[in-house]
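Beneath this line is the structure, given in structure tokens, with notes to follow.
Since the structure is predicted, the reported quantities are computational estimates derived from the model, not experimental observations.
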Amino acid sequence: VAAATGADTQSAAAVEASASTVIVAWQNSVVSIWTPTRQGAGFLVDARGLIATSQRVVGVANTVEVQVSRNEKYLARVVAGDAQKNIAILWLDPKPLGAAPPVKLASSDAARTPIAEHDKVFAMEPSVQGTKRLTSGTVKSVTAESILTDIGLDRDSSGAPLFNGAGDVVGAEWGPAGLLDVAQHI
């Protein structure tokens, strides 16, 4: 089985290796986000404690709880948000994050965009138990604002990072659109 990736082709073994690399490299960088009315996901983007998530998860809250492991939740402050782009940035004192590395954000350049139709992608969802679930899928379409995939995520996965085959974050999940999931470009 081969999945098209832009101009390249990945073998099933390469896709599996990519999935293993993503889960090992970034599992400690993906967290659960809790408000009194919502639950979602987020991911560490800066070692100083900055976490990206969906604005839909945060809503109008000024503070949220960030779950870093099964039994550890810490208060984080909402420092920025953009409802139109559906992105929010939180700040959590970095001590509870330990040695968790910030995820690598994909960047576009003239030579190659970080994501294209038919690319293999991965979304990492945290669970209430503190474990992470990696789900793979294929990009169905890409616009300037969003990435449509066939990944079937849980309702509470808004804000989860969407990784390309290189293990770089290309978007944040913001929910299902029928049978497909939509991610917002980062």
Side-chain angles (χ1 to χ4, degrees), residues 22 26-69 72-98 100-108 113-115 121-128 130 132-135 139 141-149 151-164 167-178 180-186:
V22 167
W26 307 124
Q27 65 183 339
N28 294 330
S29 304
V30 177
V31 297
S32 290
I33 308 292
W34 298 85
T35 73
T37 58
R38 294 184 178 106
Q39 192 260 327
F43 49 98
L44 184 65
V45 294
D46 186 278
R48 294 172 291 185
L50 295 179
I51 297 169
T53 188
S54 167
Q55 179 65 41
R56 292 180 183 183
V57 172
V58 173
V60 297
N62 293 319
T63 59
V64 298
E65 285 188 306
V66 174
Q67 183 177 358
V68 298
S69 68
E72 295 177 278
K73 284 185 185 176
Y74 299 93
L75 200 59
R77 191 173 73 234
V78 178
V79 295
D82 186 325
Q84 270 198 310
K85 292 186 179 182
N86 191 31
I87 191 83
I89 302 296
L90 315 174
W91 179 78
L92 173 69
D93 182 326
K95 288 181 198 127
L97 297 167
V103 298
K104 184 177 175 203
L105 301 177
S107 64
S108 296
T113 58
I115 198 75
V121 288
F122 307 95
M124 190 180 304
E125 309 170 78
S127 73
V128 176
K132 307 301 186 303
R133 181 178 88 142
L134 191 69
T135 308
V139 174
S141 70
V142 179
T143 68
E145 295 82 32
S146 64
I147 305 163
L148 192 63
T149 73
I151 296 176
L153 293 176
D154 292 338
R155 197 180 87 217
D156 294 333
S157 294
S158 192
L162 183 69
F163 296 93
N164 64 14
D168 301 337
V169 172
V170 294
E173 291 288 334
W174 60 266
L180 301 174
D181 283 305
V182 180
Q184 182 72 39
H185 282 289
I186 295 291

Could you tell me which non-hydrogen atom of [X] sits nearest to which non-hydrogen atom of [Y], and how far apart they are?
X: A52; Y: I87; value: CB-CD1, 4.3 Å
X: V30; Y: P161; value: CG2-CG, 3.7 Å
X: G81; Y: Q55; value: CA-OE1, 3.2 Å
X: G167; Y: V22; value: CA-CG2, 3.8 Å
X: V57; Y: S158; value: CG2-O, 3.3 Å

Q) For atom NZ of K104, is the number of surrounding heavy atoms from other residues, nucleotides or ligands below 6.0 Å larger than 12? A)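 12 or below, so no.
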Just verifying a value: how many Å separate [X] [atom1] and [Y] [atom2], rounded to the nearest 0.5 Å?
X: I33; Y: S54; atom1: CD1; atom2: OG; answer: 10.5 Å
X: L162; Y: F43; atom1: CG; atom2: CZ; answer: 9.5 Å
X: N28; Y: K132; atom1: CG; atom2: NZ; answer: 6.0 Å
X: W26; Y: M124; atom1: CH2; atom2: CE; answer: 9.5 Å
X: L50; Y: L92; atom1: CG; atom2: CG; answer: 10.0 Å

Could you check whether any side-chain N or O of [X] sits under 3.5 Å from a backbone N or O of [Y], counting only pairs where one atom can act as donor and the other as acceptor?
X: S29; Y: L44; answer: no
X: T63; Y: R77; answer: no
X: N164; Y: P114; answer: yes

Sequence-distant partners of [X], side-chain hydrogen bond (donor to acceptor under 3.5 Å, both in side chains), two or more places apart:
X: D46; result: R48
X: S32; result: none
X: E72; result: S69, Y74

Mind checking what makes side chain to side chain contact (heavy atoms under 4.5 Å, CB included) contact with [X], not counting sequence neighbours?
X: V78; result: V58, V64, L90
X: S141; result: E117, L148
X: D93; result: W91, K95, P96

Q: For a side chain to side chain contact (heavy atoms under 4.5 Å, CB included) with F163, tell me which candidate from V121, D168, V169 qualifies.
A: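 Going through V121, D168, V169 one by one, the side chain to side chain contact (heavy atoms under 4.5 Å, CB included) with F163 is satisfied by V169 alone.
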